[in-house]
There are 2 protein chains.
Amino acid sequence: MTQDAFSKTPITTASDQVFVDMRREIVEGTIEQGSKISEPELAKRYGVSRATLREALNRLESCYLVERKANVGCRVVALTAERLIEVYEVRSALEGLACRLAADNMAADEVQSLKQLLNQHLQTQRVKEGESYYQEAGDLDFHYRIIKGSKNDHLIHLLSNGLYQLIRMYRVQMGMVGPRVSKAFDEHLAIINAIESHDGELAELLMKRHISASQANVQNKFDLLAAQKSAVNK
Amino acid sequence: MTQDAFSKTPITTASDQVFVDMRREIVEGTIEQGSKISEPELAKRYGVSRATLREALNRLESCYLVERKANVGCRVVALTAERLIEVYEVRSALEGLACRLAADNMAADEVQSLKQLLNQHLQTQRVKEGESYYQEAGDLDFHYRIIKGSKNDHLIHLLSNGLYQLIRMYRVQMGMVGPRVSKAFDEHLAIINAIESHDGELAELLMKRHISASQANVQNKFDLLAAQKSAVNK
DNA sequence: TTCTCTAAGATTGTCGACAATTAATGACTA
DNA sequence: TAGTCATTAATTGTCGACAATCTTAGAGAA
């Protein structure tokens with residue numbers, strides 16, 4: 001049976017499948033951000049009944065990808081600079097915590113495996129310098145492993161099933177590429193070193209800084225877009 | 001129209017009502033922690049169809065009060081010492097953040113109003129020394145106001161709609177009373193003073209400590225219960 | 001023209017019934 | 001007696017239809 005690549009839970013029911021499919025389409029922008037969702041239309045498109053679709057919508061709502069109003073309907077969440085700040089403030093606090101916990105709770109072999117993953121990223125990075133691979137799968141995988149290393153199930157769920165899709169959405173649709181790639185690598189290295197020496201306080205600090213830098217990066221993109229827009233409007 | 005006392009959103013649909021009712025029953029223990037939920041039975045009890053009930057269950061799941069397994073069903077979350085630690089770790093990080101933000105973003109009149117509330121609590125406390133009022137409505141109200149003062153909507157939603165009911169559940173069902181009442185008051189006072197002087201760093205630290213103390217309190221209760229149990233089993 | 005109100009249309013909320021899956025019962029075998 | 005398998009019962013997942021609500025279009029009045 002297939003399983004969800006993020007929550008690692010098996011996909012059994014039809015609404016599971018619709019949920020995963022819609023999530024991908026929303027994160028990748030196939031279903032446009034801010035757009036209204038028509039239940040009858042989407043139900044037809046996915047070949048399921050409205051009840052099944054609504055089940056999926058409920059779950060999308062609980063990971064912040066759609067917003068509902070009673071008797072009005074669903075909207076895909078809109079990406080705004082304000083919301084980006086809010087989400088990253090929360091992310092920083094939670095992943096900072098995860099990192100501190102990981103410094104205590106991550107098993108030695110998990111740490112080794114993560115270091116290996118980093119080396120692998122380095123290779124890949126050299127080959128496709130500046131491309132988005134690292135920022136996508138690679139970077140996320142790094143963060144995922146640390147989150148998992150916290151061994152705090154509630155935290156893991158909150159981040160993996162809750163916040164991460166929204167963060168991914170910002171990064172995918174804002175098109176994160178460029179010179180931050182190599183800098184991010186160094187930051188990852190410093191973090192894993194702090195974890196390896198069980199220095200939770202340092203690991204937390206470094207992770208928070210890493211995330212701040214990442215935020216500034218997305219923020220820049222927003223500013224650029226805003227500048228473009230105001231130039232066009234002249 | 002009535003409205004939800006916690007999320008402040010209006011209760012319009014039938015599933016809204018069922019959600020709020022069930023939430024209260026679960027938090028207060030009327031619906032027993034860890035127990036299995038029968039959809040047909042509860043639907044009959046609340047006088048709604050299964051579809052409506054399932055809508056409510058979905059929402060209860062997203063605030064961590066029930067857990068679902070595909071083709072198996074729902075269970076009310078079980079209160080365990082391990083989970084308590086996990087939840088409080090997350091809570092500490094998030095409310096610490098809220099407190100730091102509140103030091104920057106809370107309006108002067110909001111601060112004044114909160115100080116007034118504290119005074120009011122002091123009066124009440126004197127009257128019903130040792131009773132659970134303070135720990136319930138009062139303490140929660142204090143925390144709510146600070147969370148709201150963070151002005152971070154995502155954080156506010158995450159705490160008010162997400163984590164807080166679960167925390168309430170632990171506190172209500174573990175029966176929080178006793179000598180911590182007056183100590184908690186002093187801690188609250190110190191926190192609001194830090195916020196008033198816009199010292200975010202201090203406010204965050206104090207809040208985290210305050211929450212740690214609160215956790216230790218619930219933890220004690222767990223240990224006591226465990227000791228009782230093992231004594232009975234002899 | 002602009003605003004208000006009304007009526008039609010479309011969308012969401014809710015229901016009861018059926019299909020698919022899981023859990024419980026009991027017969028059968030070792 | 002204990003364990004395994006098949007059958008039955010109960011529960012969850014899914015569907016299509018109806019009811020309640022909101023939105024839109026258009027007529028009429030100021």
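A quick note: this is a predicted structure, and the numbers were derived from the prediction, not measured. Below, chains carry the letters A, B, ... as their sequence lines are ordered, and counting in each starts from 1.
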Side chains of B:S15 and B:R54: any donor to acceptor distance under 3.5 Å? no
Short side-chain N/O contact from A:T52 to OP1 or OP2 of D:dC15, under 4.0 Å: yes
Around A:E32, counting heavy atoms of other residues, nucleotides and ligands shown, do more than 12 lie under 6.0 Å from its CD? no
Is the number of heavy atoms from other residues, nucleotides or ligands under 6.0 Å of A:K36 NZ greater than 12? yes
Nucleotide D:dG13, atom P - distance to CZ of A:R50 in whole Å: 19 Å
Expected list for residues 57-76 of chain A near DNA chain C, using heavy atoms below 4.0 Å, is A:R68, A:A70, A:N71, A:V72, A:G73
Check this one for me: any side-chain N or O of B:S15 less than 4.0 Å away from OP1 or OP2 of C:dT14? yes
Give the minimum heavy-atom separation between B:S92 and B:K208, together with the two atoms involved. OG-CG, 3.5 Å
Figure out the CG/C1' separation between A:D16 and C:dA20, and round it to whole Å. 14 Å
Which of these nucleotides, C:dT14, D:dC15, C:dT12, is closest to any side-chain atom of A:A51? D:dC15
Exercise: do A:R59 and B:S62 side chains pair donor with acceptor under 3.5 Å: no
It should be established whether B:K36 places a side-chain nitrogen or oxygen under 4.0 Å from OP1 or OP2 of nucleotide C:dA23. no
Can you tell me how far C1' of C:dG16 sits from CD of B:E39, to the nearest Å? 14 Å
Trace of the ring pair (Phe, Tyr, Trp, His ring centres under 6.0 Å) decision for A:Y164 with A:Y144: CA-CA 9 Å; A:Y164 245 78; A:Y144 262 122; 5.3 Å; yes
